[in-house]
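Just below is one structure, and these are the notes that go with it.
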Amino acid sequence: MDTGDLAERVKAGERRALARAITLVESARADHREAAAELVAEVGKAGQQALRIGLSGTPGVGKSTFIEAFGLFLVEKGLKVAVLAVDPSSARSGGSILGDKTRMEQLSRHPMAFIRPSPSQSQLGGVARRSREAVALCEGAGFDVVLVETVGVGQSETMVAGMVDLFLLLLAPAGGDELQGVKRGIMEIADILLVNKADGALRDVARRTCADYAGALRLLRKRPQDPEGFPKALLVSAVEGTGMEEAWAEMEALVNWRRDSGAWDRTRAEQAQHWFEEEVRHGLMRRLTEDKALAARMRELGAAVAGGERSPAEAATEILSRLG
Ligand code: GDP
């Protein structure tokens with residue numbers, strides 16, 4: 001496969017090339033891995049930057065409805081929008097949370113949008129890398145906004161937060177008791193909480209919920225990457241398409257502040273460094289498991305450590321010295 005040619009076509013914004021490139025980064029084959037790494041590096045050379053937005057929320061909160069409404073709002077502004085899904089649960093039937101054709105029907109047909117379903121049968125570690133590389137490919141293909149959707153399971157949210165510039169948490173209108181159910185950790189990684197379904201009979205509950213969240217956010221310690229007033233809680237209705245303008249204005253205000261303050265560059269630099277270290281860790285683990293002699297020695301030493309004949313640190317030193 002000629003990765004150079006594919007890279008050129010991705011950079012030119014050809015969606016079929018982009019789809020193929022993402023398939024390549026999703027592949028677990030060793031030769032594909034190498035080609036994928038080369039491709040991502042090549043595409044990244046152009047230095048294109050998109051606004052990467054993470055979006056999370058429990059099933060049923062309205063993520064796909066919101067992405068459809070918000071995505072259409074963005075394309076109408078003349079922005080190119082890519083949507084990727086990160087789905088850590090391989091248990092899902094078909095493995096794809098975007099597999100359902102009825103999801104984001106209008107957006108998926110829009111010439112300015114690109115929607116990529118999540119790959120099936122994935123493990124979280126692999127998902128992280130594939131998603132990050134897919135984001136980089138969309139960025140290199142000239143998309144202005146890359147939306148990364150994930151279901152609300154703690155680990156995947158942290159992972160997605162590590163690859164985006166902005167993190168949105170979609171919430172449902174709820175009583176005070178349910179408010180407590182939102183984990184502090186997720187509140188801390190979110191930049192904007194969006195209370196969805198602020199329409200019809202739910203409007204008043206949504207308003208109260210939003211005020212409650214705003215109150216809870218004020219109790220959090222101010223983060224260095226935030227201006228005054230963030231994180232923020234806002235109301236939206238994905239079904240009616242209301243609140244999009246306000247939500248986008250807040251996102252832009254936050255992003256502009258972060259760009260001016262240097263927080264944007266700092267976060268991206270830290271993320272890149274983190275992913276580099278993850279790649280090294282991953283590569284080392286792969287060598288340990290792929291080299292049969294090493295893997296056998298790992299098992300022997302593991303048993304020896306369990307039996308108390310060797311100390312963990314000393315046994316690890318032996319393995320590491322064999323890596324050369
Ligand atoms: P997801 O599982 O988070 O992707 O949620 P969906 O987008 O599939 O929405 C789940 C249900 O909530 C569907 O029945 C939607 O019609 C409904 N829903 C989504 N957004 C809104 C909204 O803004 N208002 C109301 N009333 N219902 C909504």
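Both ligands and their constituent atoms are indexed starting at 1 by order of listing. This structure is a prediction, so every number in the text was calculated from the model and none was measured.
- Close approach to P59 involves these atoms of ligand 1, each under 4.0 Å from a residue heavy atom: 2 (O).
- Classification of R52 and E139 as a salt-bridged pair holds, one side-chain N sitting under 4.0 Å from a carboxylate O.
- The pair R286-E279 does not count as a salt bridge, with every side-chain nitrogen at least 4.0 angstrom from each carboxylate oxygen.
- The side-chain tip of R259 points at the ring of W264 from less than 6.0 angstrom away and within 45° of straight on.
- Note on M112: it clusters hydrophobically with M244, by side-chain heavy-atom contacts below 4.5 Å among ILVMFWY residues.
- Below 3.5 Å of separation, one finds an N or O of A238 facing an N or O of ligand 1.
- Counting heavy atoms closer than 4.0 Å to ligand 1, residue V239 contributes atoms from both its backbone and its side chain.
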Worksheet entry | Step-by-step side-chain contact (heavy atoms from CB on, under 4.5 Å) determination, R266 to Q225 | CA-CA 9 Å; R266 221 165 27 243; Q225 70 271 33; over 6 Å; no

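- Within a 4.0 Å radius of atom 10 (C) of ligand 1, the protein has at least one heavy atom.
- For the 3.5 Å distance criterion, the side chains of S56 and T150 fail to qualify, holding no donor opposite an acceptor.
- The shortest N/O to N/O separation between S64 and ligand 1 falls below 3.5 Å.
- On a distance-only criterion, G60 and ligand 1 share at least one N/O pair closer than 3.5 Å.
- For the salt bridge (Lys or Arg N to Asp or Glu O under 4.0 Å) with E26, the lone residue among R20, R130, R116 that qualifies is R116.
- Nearest-residue assignment for atom 7 (O) of ligand 1 (options I67, V195, T65, D199; heavy-atom criterion): T65.
- Ligand 1 lies less than 4.0 angstrom from a heavy atom belonging to S237.
- Cation-pi geometry between K63 and F66 is not met at under 6.0 angstrom from the ring centre and within 45 degrees of the axis.
- In this structure, G200 falls outside the shell of residues with a heavy atom less than 4.0 angstrom from ligand 1.
- At a heavy-atom distance under 4.0 Å, only backbone atoms of T58 (N, CA, C or O) approach ligand 1.
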Name every donor-acceptor pair, under 3.5 Å, that has one atom in a side chain of residues 34-47 and the other anywhere in the protein, sequence neighbours excluded.
from, atom 1, to, atom 2, distance (Å)
E38, OE1, T3, OG1, 3.0
E42, OE1, K45, NZ, 3.0

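- Closest protein heavy atom to atom 20 (N) of ligand 1: N196 ND2, 3.1 Å.
- For atom 14 (O) of ligand 1, no protein heavy-atom neighbour is present inside the 4.0 Å cut-off.
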Discussion item. Pair R258, D191 - check salt bridge (charged side-chain N to carboxylate O under 4.0 Å, His left out), show working.
Written reply: CA-CA 12 Å; R258 284 183 179 166; D191 295 303; 2.7 Å; yes

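- Under the 4.0 angstrom criterion for non-hydrogen atoms, V236 is not in contact with ligand 1.
- Against a heavy-atom cut-off of under 4.0 Å, K63 is close to the following atoms of ligand 1: 1 (P), 2 (O), 3 (O), 4 (O), 5 (O), 7 (O).
- Ranking protein heavy atoms by distance to atom 18 (N) of ligand 1, first place goes to K197 CE, 3.7 Å.
- Backbone and side-chain nitrogen or oxygen atoms of G62 are examined, and one is located within less than 3.5 angstrom of a nitrogen or oxygen of ligand 1.
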